[in-house]
Novice: 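Right, I'll just put the structure down here and ask away after.
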Amino acid sequence: MKRASFKHVFFAALSILALSLSTRPFAAQGETVGVDRLYVLDCGIGHALDQSRWSPGVNVGVPMDVSDNCYLIHHARGYLLWDTGIGDAVAAMPDGLPGQNGAPSWRRQKTLVAQLEQLGVKPSDIRFVAVSHTHPDHIGNVELFPQAMLLVQRLEYEWPLPSGGARFNPEHPVTKLAGDYDVFGDGSVVILSTPGHTPGHQSLLVKLPKTGAVILSGDAAHFKDNWDNRRVPAFNTDKDQTLSSMQRIADLLAQNHAQLWINHDLAQTSQQKHAPDFYD
Ligand SMILES: [Zn+2]
(Lines give C-alpha, C1' and ligand atoms only; values in the text may rest on other atoms or scores of the structure.)
Protein backbone atom coordinates (compact mmCIF):
# COMPACT_ATOMS: atom_id res chain seq x y z
CA MET A 1 0.00 0.00 0.00
CA LYS A 2 2.80 2.37 0.90
CA ARG A 3 4.63 1.42 -2.32
CA ALA A 4 1.48 1.91 -4.38
CA SER A 5 0.86 5.31 -2.93
CA PHE A 6 4.49 6.27 -3.49
CA LYS A 7 4.14 5.12 -7.10
CA HIS A 8 0.92 7.08 -7.45
CA VAL A 9 2.51 10.27 -6.15
CA PHE A 10 5.60 9.70 -8.25
CA PHE A 11 3.65 9.31 -11.48
CA ALA A 12 1.31 12.16 -10.62
CA ALA A 13 4.37 14.34 -10.11
CA LEU A 14 5.83 13.15 -13.39
CA SER A 15 2.67 13.98 -15.29
CA ILE A 16 2.51 17.45 -13.72
CA LEU A 17 6.10 17.99 -14.75
CA ALA A 18 5.34 16.83 -18.28
CA LEU A 19 2.31 19.08 -18.44
CA SER A 20 4.23 22.10 -17.19
CA LEU A 21 6.99 21.41 -19.70
CA SER A 22 4.54 21.06 -22.55
CA THR A 23 2.64 24.26 -21.71
CA ARG A 24 5.72 26.28 -20.83
CA PRO A 25 5.90 29.18 -23.27
CA PHE A 26 8.62 28.50 -25.77
CA ALA A 27 9.30 30.97 -28.52
CA ALA A 28 10.97 29.93 -31.69
CA GLN A 29 12.84 32.80 -33.27
CA GLY A 30 10.39 35.46 -34.45
CA GLU A 31 7.45 33.88 -32.63
CA THR A 32 5.69 35.89 -29.96
CA VAL A 33 4.49 34.52 -26.66
CA GLY A 34 3.02 36.21 -23.64
CA VAL A 35 3.32 39.90 -24.50
CA ASP A 36 0.12 41.46 -25.76
CA ARG A 37 0.12 45.24 -25.19
CA LEU A 38 2.56 48.12 -25.36
CA TYR A 39 1.43 51.58 -24.25
CA VAL A 40 3.29 54.80 -25.08
CA LEU A 41 3.05 57.19 -22.09
CA ASP A 42 3.79 60.92 -22.12
CA CYS A 43 6.57 61.35 -19.56
CA GLY A 44 7.56 64.93 -20.39
CA ILE A 45 8.48 67.43 -23.10
CA GLY A 46 11.94 68.95 -23.16
CA HIS A 47 13.11 72.20 -24.69
CA ALA A 48 16.80 72.63 -25.48
CA LEU A 49 18.26 75.97 -26.58
CA ASP A 50 20.89 74.34 -28.80
CA GLN A 51 20.33 71.09 -30.70
CA SER A 52 24.08 70.63 -31.18
CA ARG A 53 24.45 69.35 -27.63
CA TRP A 54 23.31 66.10 -29.31
CA SER A 55 24.61 66.75 -32.84
CA PRO A 56 28.12 68.22 -32.55
CA GLY A 57 28.70 70.89 -35.21
CA VAL A 58 25.22 70.51 -36.71
CA ASN A 59 22.38 73.01 -36.15
CA VAL A 60 24.47 74.95 -33.67
CA GLY A 61 22.33 77.41 -31.73
CA VAL A 62 19.07 76.02 -33.13
CA PRO A 63 16.52 75.25 -30.41
CA MET A 64 14.88 71.82 -30.30
CA ASP A 65 11.95 70.22 -28.53
CA VAL A 66 12.16 66.58 -27.54
CA SER A 67 9.64 64.03 -26.33
CA ASP A 68 10.27 61.98 -23.21
CA ASN A 69 8.40 58.68 -23.27
CA CYS A 70 7.74 55.89 -20.86
CA TYR A 71 6.49 52.58 -22.18
CA LEU A 72 4.24 50.16 -20.33
CA ILE A 73 4.37 46.56 -21.51
CA HIS A 74 1.82 43.97 -20.49
CA HIS A 75 2.88 40.34 -20.47
CA ALA A 76 0.90 37.37 -19.18
CA ARG A 77 3.40 37.27 -16.31
CA GLY A 78 3.08 40.93 -15.34
CA TYR A 79 3.77 44.54 -16.25
CA LEU A 80 7.13 45.95 -17.18
CA LEU A 81 7.60 49.73 -17.16
CA TRP A 82 10.40 50.85 -19.46
CA ASP A 83 11.82 54.21 -18.32
CA THR A 84 10.03 56.45 -15.84
CA GLY A 85 10.50 59.92 -17.36
CA ILE A 86 11.01 63.24 -15.69
CA GLY A 87 9.65 63.34 -12.12
CA ASP A 88 5.87 63.60 -11.70
CA ALA A 89 6.41 66.64 -9.44
CA VAL A 90 7.27 68.65 -12.58
CA ALA A 91 3.59 68.47 -13.63
CA ALA A 92 2.76 70.87 -10.78
CA MET A 93 5.43 73.43 -11.77
CA PRO A 94 3.74 76.18 -13.84
CA ASP A 95 6.97 77.03 -15.72
CA GLY A 96 8.38 73.53 -15.70
CA LEU A 97 11.83 72.50 -14.54
CA PRO A 98 14.57 74.82 -15.84
CA GLY A 99 17.55 73.26 -17.63
CA GLN A 100 21.11 73.73 -16.44
CA ASN A 101 24.40 73.78 -18.38
CA GLY A 102 22.67 73.43 -21.75
CA ALA A 103 20.43 70.54 -20.66
CA PRO A 104 16.77 70.86 -21.69
CA SER A 105 14.09 72.41 -19.53
CA TRP A 106 11.20 70.03 -18.89
CA ARG A 107 7.46 70.26 -18.71
CA ARG A 108 4.98 67.55 -17.87
CA GLN A 109 1.41 67.71 -19.15
CA LYS A 110 0.24 64.80 -17.02
CA THR A 111 1.74 62.60 -14.38
CA LEU A 112 2.82 59.02 -14.95
CA VAL A 113 0.61 57.90 -12.08
CA ALA A 114 -2.47 59.55 -13.64
CA GLN A 115 -1.80 57.82 -16.95
CA LEU A 116 -1.45 54.44 -15.23
CA GLU A 117 -4.62 55.11 -13.26
CA GLN A 118 -6.48 55.78 -16.49
CA LEU A 119 -5.47 52.26 -17.54
CA GLY A 120 -6.60 50.81 -14.22
CA VAL A 121 -3.00 50.05 -13.27
CA LYS A 122 -1.82 50.75 -9.73
CA PRO A 123 1.88 51.39 -9.04
CA SER A 124 1.88 48.14 -7.04
CA ASP A 125 0.78 46.26 -10.18
CA ILE A 126 4.13 46.99 -11.85
CA ARG A 127 6.35 43.92 -11.53
CA PHE A 128 9.49 45.22 -13.25
CA VAL A 129 10.88 48.70 -13.78
CA ALA A 130 13.74 48.83 -16.28
CA VAL A 131 15.51 52.07 -17.14
CA SER A 132 17.58 52.71 -20.24
CA HIS A 133 20.03 54.71 -18.15
CA THR A 134 20.27 57.00 -15.14
CA HIS A 135 19.85 60.51 -16.57
CA PRO A 136 17.11 62.47 -14.75
CA ASP A 137 14.63 62.32 -17.66
CA HIS A 138 14.58 58.50 -17.37
CA ILE A 139 14.72 57.77 -13.65
CA GLY A 140 12.48 60.56 -12.30
CA ASN A 141 9.81 58.22 -10.96
CA VAL A 142 11.61 55.00 -10.04
CA GLU A 143 10.64 55.41 -6.38
CA LEU A 144 6.93 55.54 -7.22
CA PHE A 145 7.36 51.75 -7.59
CA PRO A 146 9.22 50.77 -4.42
CA GLN A 147 8.21 47.10 -4.68
CA ALA A 148 9.01 46.66 -8.37
CA MET A 149 12.14 44.76 -9.35
CA LEU A 150 14.55 47.23 -10.91
CA LEU A 151 16.37 45.84 -13.97
CA VAL A 152 19.55 47.79 -14.60
CA GLN A 153 23.05 47.01 -15.77
CA ARG A 154 25.51 46.60 -12.92
CA LEU A 155 27.85 49.09 -14.64
CA GLU A 156 25.10 51.71 -14.58
CA TYR A 157 23.99 50.91 -11.04
CA GLU A 158 27.52 51.24 -9.69
CA TRP A 159 28.47 54.29 -11.79
CA PRO A 160 28.95 57.01 -9.16
CA LEU A 161 27.22 60.37 -9.52
CA PRO A 162 29.57 63.34 -10.11
CA SER A 163 28.99 64.09 -6.41
CA GLY A 164 30.17 60.57 -5.59
CA GLY A 165 26.72 59.45 -4.42
CA ALA A 166 24.64 56.44 -5.50
CA ARG A 167 22.23 56.64 -8.43
CA PHE A 168 19.50 54.52 -6.81
CA ASN A 169 17.98 54.10 -3.41
CA PRO A 170 19.98 51.17 -2.00
CA GLU A 171 16.74 49.80 -0.45
CA HIS A 172 15.09 49.34 -3.85
CA PRO A 173 14.95 45.68 -4.99
CA VAL A 174 17.28 45.32 -7.96
CA THR A 175 18.61 42.76 -10.40
CA LYS A 176 21.99 43.99 -11.58
CA LEU A 177 22.47 42.83 -15.15
CA ALA A 178 25.63 41.96 -17.04
CA GLY A 179 24.54 42.16 -20.66
CA ASP A 180 21.31 41.14 -22.39
CA TYR A 181 18.39 39.87 -20.31
CA ASP A 182 15.27 37.98 -21.38
CA VAL A 183 12.78 39.46 -18.89
CA PHE A 184 9.98 36.87 -19.06
CA GLY A 185 12.05 33.95 -20.33
CA ASP A 186 10.19 33.55 -23.62
CA GLY A 187 12.10 35.96 -25.88
CA SER A 188 9.22 38.44 -26.13
CA VAL A 189 10.81 41.23 -24.05
CA VAL A 190 14.60 41.36 -24.10
CA ILE A 191 16.85 44.00 -22.57
CA LEU A 192 19.76 44.76 -24.90
CA SER A 193 23.08 45.97 -23.60
CA THR A 194 23.88 49.12 -25.65
CA PRO A 195 26.56 51.04 -23.72
CA GLY A 196 28.16 54.32 -24.75
CA HIS A 197 25.67 57.05 -23.93
CA THR A 198 26.35 55.99 -20.36
CA PRO A 199 28.43 53.02 -19.06
CA GLY A 200 25.45 50.69 -18.63
CA HIS A 201 22.99 52.05 -21.17
CA GLN A 202 20.40 49.54 -22.40
CA SER A 203 17.68 49.32 -25.05
CA LEU A 204 14.63 47.03 -25.24
CA LEU A 205 13.43 44.56 -27.87
CA VAL A 206 9.69 43.86 -27.70
CA LYS A 207 7.99 41.31 -29.98
CA LEU A 208 4.34 42.18 -30.31
CA PRO A 209 1.86 39.74 -31.88
CA LYS A 210 0.41 42.13 -34.49
CA THR A 211 2.75 45.12 -34.61
CA GLY A 212 5.79 42.89 -34.85
CA ALA A 213 9.17 43.60 -33.31
CA VAL A 214 10.05 47.02 -31.91
CA ILE A 215 13.32 48.23 -30.42
CA LEU A 216 12.97 51.02 -27.86
CA SER A 217 16.14 53.06 -28.29
CA GLY A 218 16.70 54.55 -24.89
CA ASP A 219 19.19 57.32 -25.72
CA ALA A 220 21.32 55.22 -28.09
CA ALA A 221 20.27 58.01 -30.47
CA HIS A 222 18.19 61.07 -29.57
CA PHE A 223 16.39 61.61 -32.87
CA LYS A 224 16.23 60.12 -36.35
CA ASP A 225 18.64 62.48 -38.07
CA ASN A 226 21.30 61.63 -35.49
CA TRP A 227 20.56 57.93 -35.93
CA ASP A 228 20.74 58.13 -39.73
CA ASN A 229 24.06 59.99 -39.56
CA ARG A 230 25.51 58.07 -36.60
CA ARG A 231 26.16 61.26 -34.64
CA VAL A 232 27.40 60.94 -31.07
CA PRO A 233 26.71 63.65 -28.48
CA ALA A 234 29.90 65.08 -26.99
CA PHE A 235 28.74 64.26 -23.45
CA ASN A 236 28.36 60.52 -24.07
CA THR A 237 30.69 58.52 -21.85
CA ASP A 238 32.22 56.52 -24.75
CA LYS A 239 32.05 57.43 -28.44
CA ASP A 240 33.32 54.08 -29.82
CA GLN A 241 30.94 52.11 -27.62
CA THR A 242 28.08 54.34 -28.77
CA LEU A 243 28.89 53.65 -32.43
CA SER A 244 29.18 49.89 -31.76
CA SER A 245 25.86 49.93 -29.95
CA MET A 246 24.18 51.74 -32.84
CA GLN A 247 25.55 49.13 -35.23
CA ARG A 248 24.33 46.37 -32.93
CA ILE A 249 20.84 47.89 -32.88
CA ALA A 250 20.91 48.24 -36.68
CA ASP A 251 21.83 44.54 -37.00
CA LEU A 252 19.05 43.50 -34.60
CA LEU A 253 16.53 45.69 -36.45
CA ALA A 254 17.39 43.84 -39.65
CA GLN A 255 17.39 40.37 -38.05
CA ASN A 256 14.03 40.92 -36.36
CA HIS A 257 12.43 43.05 -39.11
CA ALA A 258 11.92 45.50 -36.27
CA GLN A 259 10.99 49.17 -36.04
CA LEU A 260 13.19 51.58 -34.10
CA TRP A 261 11.25 53.79 -31.71
CA ILE A 262 13.44 56.70 -30.64
CA ASN A 263 12.40 57.95 -27.22
CA HIS A 264 13.24 61.65 -27.66
CA ASP A 265 12.23 61.99 -31.32
CA LEU A 266 9.25 64.31 -31.02
CA ALA A 267 8.26 63.99 -34.69
CA GLN A 268 8.08 60.19 -34.41
CA THR A 269 6.43 60.26 -30.98
CA SER A 270 3.74 62.64 -32.26
CA GLN A 271 2.75 60.07 -34.88
CA GLN A 272 2.36 57.26 -32.34
CA LYS A 273 -0.72 56.03 -30.54
CA HIS A 274 -0.65 57.08 -26.90
CA ALA A 275 -2.26 55.50 -23.85
CA PRO A 276 -5.01 54.52 -23.29
CA ASP A 277 -4.62 53.35 -26.89
CA PHE A 278 -1.95 50.70 -27.33
CA TYR A 279 0.03 48.56 -29.75
CA ASP A 280 -0.67 44.84 -29.76
ZN1 LIG B 1 17.20 61.15 -22.25
Side-chain angles (χ1 to χ4, degrees), residues 30 32 35-46 54-55 64-75 79-86 104 109 112 115-116 119 128-133 135 137-140 151 180-184 187-198 201-231 233 242 245-280:
T32 303
V35 63
D36 60 356
R37 266 170 280 156
L38 188 165
Y39 298 92
V40 180
L41 307 172
D42 175 357
C43 276
I45 293 284
W54 297 299
S55 55
M64 185 179 207
D65 288 340
V66 294
S67 49
D68 189 24
N69 295 325
C70 303
Y71 304 88
L72 179 68
I73 294 149
H74 182 260
H75 185 282
Y79 282 106
L80 164 79
L81 181 65
W82 174 253
D83 276 339
T84 68
I86 201 79
Q109 289 163 326
L112 172 56
Q115 291 171 80
L116 293 176
L119 301 174
F128 299 107
V129 170
V131 293
S132 58
H133 64 296
H135 286 157
D137 50 318
H138 299 265
I139 58 162
L151 303 176
D180 294 355
Y181 185 71
D182 182 347
V183 177
F184 296 103
S188 63
V189 181
V190 181
I191 291 175
L192 307 169
S193 169
T194 51
H197 182 59
T198 61
H201 184 275
Q202 50 190 15
S203 305
L204 191 71
L205 171 65
V206 185
K207 292 180 179 173
L208 289 157
K210 294 184 188 156
T211 306
V214 171
I215 293 181
L216 305 179
S217 62
D219 287 4
H222 288 76
F223 43 89
K224 186 174 183 298
D225 196 49
N226 261 10
W227 167 258
D228 289 343
N229 291 285
R230 296 291 189 270
R231 290 193 203 109
T242 305
S245 291
M246 285 196 214
Q247 187 56 49
R248 179 168 193 228
I249 291 171
D251 293 344
L252 287 166
L253 289 171
Q255 272 170 36
N256 292 283
H257 309 286
Q259 308 170 42
L260 179 62
W261 289 8
I262 303 179
N263 190 322
H264 290 310
D265 189 313
L266 183 59
Q268 186 188 45
T269 297
S270 307
Q271 300 297 314
Q272 290 176 328
K273 293 189 273 192
H274 280 70
D277 208 350
F278 58 85
Y279 291 89
D280 58 2

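FYI, the numbering just counts along the sequence from 1.
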Novice: Describe, in one word, how the ring planes of H138 and H133 are oriented to each other, choosing from parallel (under 30°), tilted (30 to 60°) and perpendicular (over 60°).
Specialist: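 Ring orientation, 0 to 90° scale: tilted.
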
Novice: Could you tell me if the side chain of L205 sits less than 4.5 Å from the side chain of N256, heavy atoms only?
Specialist: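 Yes; the side chains approach each other to less than 4.5 Å.
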
Novice: Please find the pair of heavy atoms, one from G85 and one from C70, that lie closest to each other, and give the distance.
Specialist: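 Closest approach of G85 to C70, heavy atoms only: N-SG, 3.4 Å.
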
Novice: Are the side chains of L266 and V66 in touch, meaning some heavy atoms are under 4.5 Å apart?
Specialist: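 Answer no - side chains too far apart.
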
Novice: Could you walk me through whether Y279 and V206 satisfy the side-chain contact (heavy atoms from CB on, under 4.5 Å) test, starting with their C-alpha distance in whole Å, then the side-chain angles of each, then the deciding distance to 0.1 Å, before giving a yes or no?
Specialist: CA-CA 11 Å; Y279 291 89; V206 185; over 6 Å; no

Novice: Start with the C-alpha gap between D225 and S55, add the side-chain angles, then the distance that decides, and say whether side-chain contact (heavy atoms from CB on, under 4.5 Å) holds.
Specialist: CA-CA 9 Å; D225 196 49; S55 55; over 6 Å; no

Novice: Let me see the working for F184 and V35 under side-chain contact (heavy atoms from CB on, under 4.5 Å), right down to the final yes or no.
Specialist: CA-CA 9 Å; F184 296 103; V35 63; over 6 Å; no

Novice: Return the set of residues passing side chain to side chain contact (heavy atoms under 4.5 Å, CB included) with S217 (not counting sequence neighbours), or none when no residue passes.
Specialist: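 Result, side chain to side chain contact (heavy atoms under 4.5 Å, CB included) vs S217: L260, I262, N263.
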
Novice: Keeping K207 on the side-chain end and A213 on the backbone end, is there a donor-acceptor pair under 3.5 Å?
Specialist: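 Not a single qualifying donor-acceptor pair exists.
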
Novice: Do side-chain atoms of D68 reach the backbone of G46 as a donor and acceptor pair under 3.5 angstrom?
Specialist: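 Not confirmed, D68 side chain does not pair with G46 backbone.
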
Novice: Which heavy atom in D180 sits nearest to a heavy atom in S193, and how many Å separate them?
Specialist: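 For D180 versus S193, the nearest heavy atoms are OD1-N, 2.8 Å.
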
Novice: Please report the interatomic distance CH2(W82) to CG(L216), rounded to the nearest 0.5 Å.
Specialist: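 Separation between the atoms: 7.0 Å.
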
Novice: Would you indicate whether the side-chain heavy atoms of H75 and L80 approach each other to under 4.5 Å?
Specialist: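 Answer no - side chains too far apart.
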
Novice: Between R37 and F278, which heavy-atom pair has the shortest distance, and what is it?
Specialist: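 It is CG-CD1, 3.2 Å.
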
Novice: Main chain of L151, side chain of Q202: is a donor-acceptor contact present, judged purely on distance under 3.5 Å?
Specialist: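 Side chain of Q202 to backbone of L151, a donor-acceptor pair under 3.5 Å: yes, one is there.
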
Novice: Measure from the side-chain N and O atoms of D265 to the backbone N and O of A267, and report whether any donor-acceptor pair falls under 3.5 Å.
Specialist: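 At least one qualifying donor-acceptor pair exists.
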
Novice: For a quick test of reading the model, state the closest non-hydrogen atom pair linking D280 to P209 and the distance between them.
Specialist: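 Of all heavy-atom pairs spanning D280 and P209, the closest is C-CD, 3.8 Å.
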
Novice: How many angstroms lie between OH in Y181 and CG in L192, if you round to the nearest 0.5 Å?
Specialist: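 Between atom OH of Y181 and atom CG of L192 there are 14.0 Å.
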
Novice: As an exercise, state the distance from OH of Y39 to CG of L81, rounded to the nearest 0.5 Å.
Specialist: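 It comes to 13.0 Å.
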
Novice: I'd like to check H201 versus T198 (side-chain heavy atoms, cut-off strictly below 4.5 Å). Are they in contact?
Specialist: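 Yes, side chains in contact.
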
Novice: Check the orientation of W261 and Y71. Use parallel for under 30°, tilted for 30 to 60°, and perpendicular for over 60°.
Specialist: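 The arrangement is tilted - the two ring planes meet at 30° to 60°.
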
Novice: Can you check whether W54 reaches N226 side chain to side chain, under 4.5 Å on heavy atoms?
Specialist: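 In short, these two side chains touch, coming nearer than 4.5 Å.
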
Novice: Is the count of non-hydrogen atoms from other residues, nucleotides or ligands lying under 6.0 Å from K224 atom NZ greater than 12?
Specialist: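 Counting other residues, nucleotides and ligands, NZ of K224 stays at 12 neighbours or fewer.
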
Novice: Once rounded to the nearest 0.5 Å, what's the spacing between atom CG of D182 and atom OG of S188?
Specialist: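 The OG atom of S188 is 7.0 Å from CG of D182, to the nearest 0.5 Å.
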
Novice: Taking side chain as C-beta onward, heavy atoms only, is L204 less than 4.5 Å from I73?
Specialist: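 Counting from C-beta outward, L204 and I73 do come under 4.5 Å.
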
Novice: For T269, what residues pass the side chain to side chain contact (heavy atoms under 4.5 Å, CB included) criterion, not counting sequence neighbours?
Specialist: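 Scan of T269 (side chain to side chain contact (heavy atoms under 4.5 Å, CB included), adjacent residues dropped) gives S67, N69, Q272, H274.
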
Novice: Which atom pair, heavy atoms only, marks the closest approach of S245 to T194?
Specialist: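 The pair with the smallest heavy-atom distance is OG-C, 3.0 Å.
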
Novice: Roughly how far, to the nearest 0.5 Å, is the OH atom of Y79 from the CG atom of L119?
Specialist: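 It comes to 7.0 Å.
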
Novice: Working to the nearest 0.5 Å, report the span between CZ of R231 and NE2 of H222.
Specialist: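 Going from the CZ atom of R231 to the NE2 atom of H222 covers 13.0 Å.
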
Novice: Just by distance, with hydrogens left out, do H264 and D219 show a side-chain donor and acceptor under 3.5 Å apart?
Specialist: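 Checked: H264/D219 side chains pair up, N/O donor to acceptor below 3.5 Å.
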
